[in-house]
Every structure is written in C-alpha cells, then in structure tokens.
Peer 1: 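There's a structure below that I have some questions on.
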Amino acid sequence: MHKHSPIHVTQPSLPPLDDLLPALQQIWHSKILTNGGPFHDRFESALAEYLGVEHVSLFTNCTIGLIVALQALELQGEVITTPFSFVATAHSLLWNRLKPVFVDVDEHTLNLDPRQIESAIGPETVAIMPVHCYGQPCDVVAIGDIARRHGLKVIYDAAHAFGVRLSSGSLFDHGDMSVLSFHATKVFNTFEGGAVISADAHLKARVDRLRNFGFVDEGTIDLPGLNGKMSEFNAALGLQQLKVVGDAIARRAAIAAMYRDGLSGVLGVHCMPETAGHVPNHAYFPIRITQGFPLQRDQLHEWLQSHGIYARRYFHPLISSFRMYNGLESAHPDRLRVASRAAEQVICLPIYPALTNDEARRIISLIEQAGH
Ligand code: T4K
C-alpha cells in the first residue's frame with residue numbers, strides 16, 4: 001500500500017460547481033438541450049474572441065472535427081502527416097479515404113520537419129496535416145510557404161494547443177483549418193468537445209452543415225454530413241471554463257518551472273527545449289530519457305508506477321507502426337528515425353493545476369533516486 005494517493009498524468013480542471021448551476025437551471029427550464037441552442041452560440045462567440053479568430057465551429061470532440069475539416073475541403077489523394085501523435089490524427093485521414101504519408105519530425109520540437117515535407121510531396125499530394133505536438137507550435141511560416149508553393153491545403157491538428165499564442169498573433173491564423181480538443185485530459189475541457197477553426201466564412205458554413213447532417217434548411221440536404229454537434233451542457237460548461245483557464249495555465253507554468261529546475265542536474269534526463277516566439281500552455285511535460293540515465297525509459301515508467309505515479313509514454317507506439325499503417329512505404333522506421341527514437345525515449349510527467357508542489361517535488365526526487 002502506498003501512503004500517497006495515485007497520481008495520474010493529468011486530472012481535469014473544473015470550474016466551481018456552484019458557478020455552473022444557474023446555467024444548468026436555465027437548460028432544465030428551457031428544455032433546449034442541443035442543435036445550436038443559446039449556450040452553444042454564446043460559447044462559440046466567446047471562444048472566437050478568446051482565441052482571437054473569426055470562424056469557430058464547436059464540435060462533439062476533436063476527432064469528429066478533424067474528419068469534418070478534411071471532408072469540408074473535398075480532398076482526394078495523399079496527405080503528409082506526422083507519425084508522432086495520437087492515433088486520431090491519421091485515423092481522420094483514413095475515414096476520408098485519404099492516404100497518409102508519414103514524414104519524420106524535428107529533433108527539437110518533435111513536430112513535422114518542414115525540411116523533409118518538401119521531398120515527400122508527389123503528384124498525389126493534396127494537403128499537409130501537422131500537429132502542434134504537446135502544444136509546441138509547428139514551424140507555421142515554413143509550412144505555409146511550402147503549401148503555397150505547391151498548392152496544398154494545411155489542416156492543423158491543434159488538439160494540444162488551446163491557449164498557445166504566437167508573439168506574431170494567433171496560432172490559428174495559419175493554415176486552412178485548425179482543430180482543437182476539449183477532452184477531459186486537455187488544458188481546457190468540456191468533458192468531451194472540440195472546435196474547428198476555419199480560415200473563411202465559406203469554409204465555416206460548409207463545416208457547420210457537415211456537422212449537422214448536411215442540412216441547409218428543413219427540406220434541403222446538400223452534403224453527406226454527420227452529427228458532430230456540441231450539446232448545451234458542454235457549451236455551458238465551456239463558458240465557465242473560459243473564466244478559469246487562465247489560472248489553470250498559470251499553475252501549469254509554475255509546475256513546469258519546478259520540473260525544469262529540479263531535473264536540470266539529472267544526467268540523461270532532458271526536458272524539451274524552451275523555444276522563443278510563443279506563449280506556451282504547458283499542456284504536457286515530456287522528458288526524454290537518454291543514455292546517461294541508468295534506466296531505460298520503460299524501466300523508469302515502471303519505477304514511477306511502483307510508487308503510484310502514472311506517467312504516460314505519449315506517443316508510443318508510433319502511429320505508423322499500427323496494423324492499418326505499417327504497410328505504407330512512408331511508415332518504414334528507417335524513414336522515421338527521429339520519431340522512432342523519441343517514441344522510445346519520451347515520458348510525460350503528471351501536470352495539472354491540482355498537482356501540489358510537494359507532489360511535484362516527490363516526482364522529481366523519485367527520478368533523481370532512479371538516476372543513482
Ligand atoms: N489529435 C491529437 C494530437 C490528440 O492528442 C487527440 C487526443 C486527438 C486528436 C483527439 O481528440 P478527442 O477526439 O479525444 O477530442 C487521451 C485522450 O483520450 C485523448 O483525448 C488524447 N488525445 C490522448 C493524448 O490522451 P488516454 O488513453 O491517455 O486517456 P486516459 O483515459 O487513459 O486518461 C489519461 C489519464 O487522465 C487517466 O489515467 C486519468 C486521467 N483522467 C482521464 C479522464 C478521461 C481523469 O482524471 N479523468 C477523466 O475523465 O487518451
């Protein structure tokens with residue numbers, strides 16, 4: 001038996017329940033539960049303002065948002081993407097009968113390496129789907145430039161990137177679309193939820209119709225839509241979460257600083273480099289376990305678990321190694337050396353607002369002990 005409670009990689013942050021109750025009373029009273037009700041519309045506008053973008057469409061989750069974003073662009077052919085992500089990224093391509101072409105990631109950011117994107121472009125390539133992995137912004141300028149020169153669409157999987165801001169403006173001004181996740185495990189959650197950000201009003205209108213079965217009006221369907229709508233409950237929660245997410249990110253930043261400081265002297269343990277030019281959201285705290293450390297990453301994972309610390313190996317195994325992808329030429333590990341190494345080295349430490357300083361210190365000291 002541990003004398004401490006188990007610590008998971010994350011714990012959802014929630015607004016005070018009392019603050020949510022008036023909204024729930026309104027929903028119970030009006031009996032408008034979904035299909036674009038008042039809370040939905042208010043949350044959509046509030047989110048657009050918070051994120052500094054114009055065209056937001058709320059979704060039931062990010063995966064459906066990705067599927068719809070691709071569908072809205074009417075793509076056919078190959079899409080360049082990263083193997084170092086959660087499996088939903090590539091699955092959204094298969095659901096659209098698009099062929100993923102995996103390209104290796106950059107050593108420092110673990111995001112798609114723009115230098116390698118260009119050589120993977122072929123006659124069938126129609127788009128690029130990069131991921132702002134762990135909330136670290138992709139090289140949006142280089143990717144935008146490649147896309148423009150080759151006439152490609154760019155759909156960012158921004159599942160991890162809520163609240164990340166570039167010093168040059170909104171991260172979501174880049175690409176044709178960006179798709180966010182509001183899953184329970186994310187920086188900002190509506191239990192389940194997500195949003196698609198479109199570059200223009202025409203695209204948003206298509207996304208909105210696809211999200212609602214393709215309805216134009218009561219008697220007209222013009223697209224093969226699905227049901228991706230966010231309910232009034234989730235939207236009411238989202239409005240309250242917007243009020244507290246700033247504090248949540250600030251607390252995450254403080255924990256991240258403790259980890260960086262505490263782990264700086266541990267041989268073989270590397271925190272991700274801090275890059276300039278953006279305000280981070282500290283969605284995850286990945287560390288890399290390299291040769292100087294006496295334990296392999298998986299041994300450290302087990303050591304932490306044996307002390308009730310449930311860190312996670314995001315993202316292991318690589319997407320490209322799963323059955324439905326590993327036959328692709330681009331999935332061969334020799335072509336994905338940086339991503340393959342990262343998948344063997346990375347472990348994400350617990351980070352969430354309710355994690356106490358004592359708990360963070362205990363995690364640091366367990367890693368130090370394992371390093372001796
Ligand atoms: N693109 C990217 C790049 C993504 O990372 C994701 C999702 C998506 C797209 C798709 O977004 P959504 O369609 O989900 O909106 C989790 C999440 O399920 C998934 O949303 C997330 N990425 C992925 C990186 O992580 P698991 O299997 O690690 O989740 P789970 O249930 O093991 O939760 C981790 C820990 O969090 C638990 O040990 C305890 C804690 N937890 C979790 C939940 C669900 C709670 O304390 N309360 C909770 O309600 O996948």
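Atoms considered below: every heavy atom in the structure, side chains included; atoms not considered: hydrogens, waters and symmetry mates. When a ligand or atom number is given, it counts from 1 through the structure's own listing order.
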Peer 1: Checking the N or O distance criterion of under 3.5 Å, is ligand 1 in contact with Tyr284?
Peer 2: no
Peer 1: Short list, please: which atoms of ligand 1 are under 4.0 Å from a heavy atom of His8?
Peer 2: 38 (O), 39 (C)
Peer 1: Compute whether any side-chain donor of one residue and acceptor of the other, for Thr275 and Gln136, lie under 3.5 angstrom apart.
Peer 2: yes
Peer 1: Output all residues satisfying side chain to side chain contact (heavy atoms under 4.5 Å, CB included) with Gln116, sequence neighbours left out; order by chain, then residue number.
Peer 2: Val103, Asp104, Asp113
Peer 1: Have a look at ligand 1 and work out which part of Phe191, if any, has a heavy atom under 4.0 Å from it: side chain, backbone, both or neither.
Peer 2: neither
Peer 1: With a 4.0 Å cut-off on heavy atoms, is Tyr314 touching ligand 1?
Peer 2: yes
Peer 1: Determine if the distance from atom 49 (O) of ligand 1 to the closest protein heavy atom is below 4.0 Å.
Peer 2: yes
Peer 1: Run the numbers for me: atoms of ligand 1, each under 4.0 Å from some heavy atom of Arg312, listed by number.
Peer 2: 26 (P), 27 (O), 28 (O), 32 (O), 34 (C), 38 (O)
Peer 1: Specify side chain, backbone, both or neither for Ala88, according to which of its non-hydrogen atoms lie closer than 4.0 Å to ligand 1.
Peer 2: side chain
Peer 1: Does any N or O in the side chain of Asn212 come within less than 3.5 Å of the main-chain N or O of Phe215, such that one atom is a donor and the other an acceptor?
Peer 2: no
Peer 1: Can an N or O of Pro12 be found at a distance shorter than 3.5 Å from an N or O of ligand 1?
Peer 2: no
Peer 1: Between Lys186 and Tyr284, does the side chain to side chain contact (heavy atoms under 4.5 Å, CB included) criterion hold? Intermediate values first, please.
Peer 2: CA-CA 9 Å; Lys186 298 296 190 290; Tyr284 295 85; 3.8 Å; yes
Peer 1: Under the ring-ring contact (aromatic ring centres under 6.0 Å, His included) rule, what pairs show up with a residue in residues 242-274, not counting sequence neighbours?
Peer 2: Tyr259-Phe285
Peer 1: Taking 4.0 Å as the limit for heavy-atom contacts, which would you say applies to Thr185 with ligand 1: side chain only, backbone only, both, or neither?
Peer 2: side chain
Peer 1: Can you tell me which portion of Thr63 lies within the under-4.0 Å heavy-atom range of ligand 1? Options are side chain, backbone, both, or neither.
Peer 2: both
Peer 1: With a cut-off of 6.0 Å (strictly less than), are more than 12 heavy atoms of other residues, nucleotides or ligands near CZ of Arg97?
Peer 2: no
Peer 1: Quick one: which ligand 1 atoms are inside 4.0 Å of a heavy atom on Ser85?
Peer 2: 3 (C)
Peer 1: Which residue owns the protein heavy atom closest to atom 6 (C) of ligand 1, what's the atom, and how far is it?
Peer 2: Phe86 CD2, 3.3 Å
Peer 1: Measuring from Gln296:CD to Thr290:OG1, what's the distance to the nearest 0.5 Å?
Peer 2: 11.0 Å
Peer 1: Do Glu118 and His150 touch side chain to side chain, with heavy atoms closer than 4.5 Å?
Peer 2: yes
Peer 1: So, applying side chain to side chain contact (heavy atoms under 4.5 Å, CB included) with Val196, which one of Met177, His55, Lys204 is it?
Peer 2: Met177
Peer 1: Classify the contact between Glu192 and ligand 1 as side chain, backbone, both or neither, using a heavy-atom distance cut-off of under 4.0 Å.
Peer 2: neither
Peer 1: So which heavy atom in the protein is nearest atom 21 (C) of ligand 1, and how far is it from that ligand atom?
Peer 2: Lys186 NZ, 2.9 Å
Peer 1: For Asn61 and Glu192, test the side chains for any donor-to-acceptor distance below 3.5 angstrom and give the result as yes or no.
Peer 2: no
Peer 1: Would you mind listing which atoms of ligand 1 come within a distance below 4.0 Å of any non-hydrogen atom of Thr10?
Peer 2: 36 (O), 40 (C), 46 (O)
Peer 1: Under 4.0 Å from a heavy atom of Asn61: which atoms of ligand 1 are those, numbered in the order shown and with their elements?
Peer 2: 13 (O), 15 (O)
Peer 1: Can you name the atoms of ligand 1, numbered from 1 with element, that are less than 4.0 Å from a heavy atom of Ser181?
Peer 2: 11 (O), 12 (P), 15 (O)
Peer 1: Would you say the side chains of His4 and Glu359 form a donor-acceptor pair under 3.5 Å?
Peer 2: no
